[in-house]
There are 2 protein chains.
Amino acid sequence: MPSRRFLLVSMALAAWLWGATAHAQTDPLPSWNDGPAKQAILDLVRSTTEPGSPDYVAPPDRLATFDQDGTLWVEHPVYSQVVFALDRVVALAPEHPEWKKKEPFKTVLSGDRAAIAKLSLRNLEAIVFATHAGMSVEAFNATAADWAAKATDHRWHKPYTELVYQPMQEVLALLRANGFRTYIVTGGGQAFVRSYAQRVYGVGPSEVIGSSLETGYDYDAKGQGELIREPKVQLNNNNSGKAEDIYLFTGQRPQAAFGNTSGDREMLEWTTAGGGKRLGMLVLHDDAEREYAYGPAAGLPDTKVGTFTPKLMDEAKQRGWVVISMKDDWKRIFAFEP
Amino acid sequence: MPSRRFLLVSMALAAWLWGATAHAQTDPLPSWNDGPAKQAILDLVRSTTEPGSPDYVAPPDRLATFDQDGTLWVEHPVYSQVVFALDRVVALAPEHPEWKKKEPFKTVLSGDRAAIAKLSLRNLEAIVFATHAGMSVEAFNATAADWAAKATDHRWHKPYTELVYQPMQEVLALLRANGFRTYIVTGGGQAFVRSYAQRVYGVGPSEVIGSSLETGYDYDAKGQGELIREPKVQLNNNNSGKAEDIYLFTGQRPQAAFGNTSGDREMLEWTTAGGGKRLGMLVLHDDAEREYAYGPAAGLPDTKVGTFTPKLMDEAKQRGWVVISMKDDWKRIFAFEP
């Protein structure tokens with residue numbers, strides 16, 4: 001018969017092991033350091049899903065929206081969709097000999113990085129119209145998915161689709177496990193993001209809202225109906241467009257919204273203006289070592305992409321939005337890092 | 001010990017009972033008569049969901065789209081949304097004394113049914129702009145839901161929301177039980193239909209695509225963000241708009257589409273032009289006794305609403321779409337009837 005002491009030690013050890021396991025199993029945000037940002041997410045989930053909570057939300061009404069570039073994945077120093085569009089210019093150039101003499105295509109084809117970096121938004125729109133329109137929706141989707149599966153960035157030499165923030169993947173998973181639908185609400189191209197969103201984020205195409213081109217209904221050579229992408233903006237899913245399009249697509253106001261620039265301002269405003277418990281969060285890029293540090297709210301030079309302005313920081317404080325410091329709040333940035 | 005004969009009789013009885021129960025459990029379309037229409041629906045489900053089927057579709061890709069007026073519920077002799085809009089003119093008239101002298105409001109307020117029936121589409125648009133815009137999206141939703149819960153029709157004296165075709169409810173349920181998402185794709189107002197679609201069809205607001213007004217982002221008196229409905233058409237979800245908007249909202253092409261007029265033509269064309277097994281179905285209103293008979297394809301006078309033209313009937317034959325005869329294919333029309 002074992003001694004009383006042996007039994008007590010065994011029980012204590014078992015309890016410790018059980019506790020450690022239980023803790024590991026019940027921390028749904030292991031890549032987050034403890035702090036107000038992590039706590040705000042856990043609080044939202046608890047108060048909207050616990051039966052009897054005054055802020056309880058019925059499962060069909062649970063909705064959370066996420067900006068993509070700079071919020072779910074790297075946007076610096078250039079949006080991956082811009083790289084895609086430039087790559088398409090190069091790929092399509094043989095069919096367009098006139099581009100050799102025509103701007104902005106001439107600059108893109110020159111390969112002069114400094115000149116390319118100076119292209120205006122108007123130039124980029126012309127490039128998008130030339131490379132993202134004039135084909136069936138299925139043909140574009142296949143081209144975009146193929147690019148996303150292969151193209152790699154210049155710092156990590158990984159596919160762009162691996163430059164996803166692991167802490168945000170955990171937020172998506174936690175919310176979905178608690179009955180939330182998780183929508184991507186991107187200023188980027190809806191069709192581009194849809195081409196990889198299921199694989200990368202587990203977000204299906206009907207849960208991606210983005211800027212879009214008109215489609216036109218036509219008939220192919222066999223007399224079959226088809227949809228052709230047209231060089232005309234349909235939805236500009238930035239700024240107030242984000243709030244408007246979330247309502248257009250879902251008929252609902254989210255309980256939580258995540259962004260990182262003033263392009264996400266109205267989405268956060270509209271979300272947090274709803275009754276009951278709401279959460280607005282902004283990712284601050286302040287980790288030059290593990291990712292990038294940029295933007296005036298971090299006391300750093302402004303850049304072409306992702307503008308987290310001091311004014312947005314002021315509004316965050318005023319409205320109670322929670323700022324996520326990549327440096328302080330995230331234990332780990334990418335899944336491929338230890 | 002029971003006799004051998006008793007055992008055999010018992011076993012036969014048990015087998016018969018089990019078979020009858022199993023049959024009752026496995027007929028998912030009890031309001032449909034056996035025939036090609038019912039068979040076409042069962043065939044679609046089997047061939048897209050049975051593992052190993054050459055036309056198997058993975059669950060996330062399963063999508064079916066349904067026109068509403070005349071396909072899921074009664075549209076004759078007038079769309080219920082038109083009744084709603086006219087009722088809103090009467091309700092809002094005290095705030096608009098100028099309407100007494102201003103067309104088309106003057107005619108609506110006169111109560112002259114013959115004159116009201118002659119209002120043009122342009123008149124109706126003016127009425128929609130005056131009654132469906134100028135308020136927050138939440139305020140409109142509450143008004144519409146309240147109307148839908150109370151307003152009754154003049155033939156059955158039931159709420160419009162009970163004038164839903166029971167056989168189509170069974171199709172919605174069967175498809176959902178087999179992993180399909182079921183979208184309503186209506187020429188009617190998206191916000192109007194969303195206000196009752198969950199309750200009536202089990203279809204949530206994000207699965208209702210309809211004609212829509214622009215929304216504008218504004219701030220209320222407390223400085224909180226809100227969305228205001230504007231008197232400007234955003235999406236005209238009819239004809240080719242149905243195919244275009246299905247793609248805009250879902251990024252997918254349905255496996256099955258259901259309609260009843262030439263406004264549904266492109267939706268059916270685009271759906272059935274996809275690869276693999278596809279199904280296009282058209283409801284023919286040929287049952288004057290239990291519902292209504294109208295439309296030239298039924299050899300009957302054309303009407304203002306729901307035009308099933310002979311040309312659409314020709315295309316149905318050419319493309320293999322299946323016509324549902326309300327008279328022959330449906331055992332029962334409404335849930336409230338025996």
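Protein chains get the first letters and strands the later ones, always in sequence-line order, with residue 1 at the start of each.
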Please find out if less than 6.0 Å separates the ring center of Trp147(B) from that of Tyr160(B).
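So the answer is yes for these two rings.
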Tell me if the centroids of the rings in Trp270(A) and Tyr219(B) come within less than 6.0 Å of each other.
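No - the distance between ring centres of Trp270(A) and Tyr219(B) does not fall below the 6.0 Å cut-off.
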What part of [X] lies closer than 4.5 angstrom to a heavy atom of chain A: side chain, backbone, both or neither?
X: Thr215(B); value: both
X: Arg265(B); value: side chain
X: Gln234(B); value: side chain

Is chain B contacted by the side chain of Glu226(A), its backbone, both, or neither, given a heavy-atom distance below 4.5 Å?
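Contact with chain B is through the backbone of Glu226(A) alone.
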Can you tell which of Gln190(B), Arg194(B), Glu269(B) has the highest number of heavy-atom pairs within less than 4.5 Å of chain A?
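Most heavy-atom pairs within the cutoff with chain A belong to Arg194(B).
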What residue in Gly251(B), Gly216(B), Ala191(B), Gly274(B) has the most heavy-atom pairs under 4.5 Å with chain A?
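Looking at each option in turn, the highest pair count goes to Gly251(B).
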Just checking, any donor-acceptor pair under 3.5 angstrom between side chains of Asn260(A) and Thr71(A)?
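There is such a pair (donor and acceptor under 3.5 Å, judged by atom type) between the side chains of Asn260(A) and Thr71(A).
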Looking at Glu138(B) and Arg253(A), does any basic side-chain N land under 4.0 Å from a carboxylate oxygen?
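A salt bridge links Glu138(B) with Arg253(A).
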Within the side chain of Thr307(B), is there an N or O that forms a donor-acceptor pair under 3.5 Å with the backbone of Thr261(B)?
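No, because the side chain of Thr307(B) does not come within donor-acceptor range (under 3.5 Å) of the backbone of Thr261(B).
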Before giving the answer on ring pair (Phe, Tyr, Trp, His ring centres under 6.0 Å), spell out for Phe258(A) and Trp321(A) the whole-Å C-alpha distance, their side-chain angles and the decisive distance to 0.1 Å.
CA-CA 10 Å; Phe258(A) 300 77; Trp321(A) 301 338; over 10 Å; no
Taking side chain to side chain contact (heavy atoms under 4.5 Å, CB included) as the definition, give me every residue that meets it alongside Ala64(A), ordered by chain and number, with sequence neighbours left out.
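Here the qualifying residues are Phe66(A), Leu175(A), Phe180(A), Ala256(A).
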Taking the side chain as everything from C-beta on, heavy atoms only, tell me whether Glu214(B) gets closer than 4.5 Å to Arg229(B).
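No; the side chains remain at least 4.5 Å from each other.
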Do the non-hydrogen side-chain atoms of Gln255(A) and Arg62(A) ever get within less than 4.5 Å of each other?
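In contact.
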Output the residues of residues 240-249 of chain B for which the shortest heavy-atom distance to chain A is under 4.5 Å, in residue-number order; output 'none' if no such residue exists.
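From residues 240-249 of chain B, the residues near chain A are Ser240(B), Ala243(B), Glu244(B), Tyr247(B), Leu248(B), Phe249(B).
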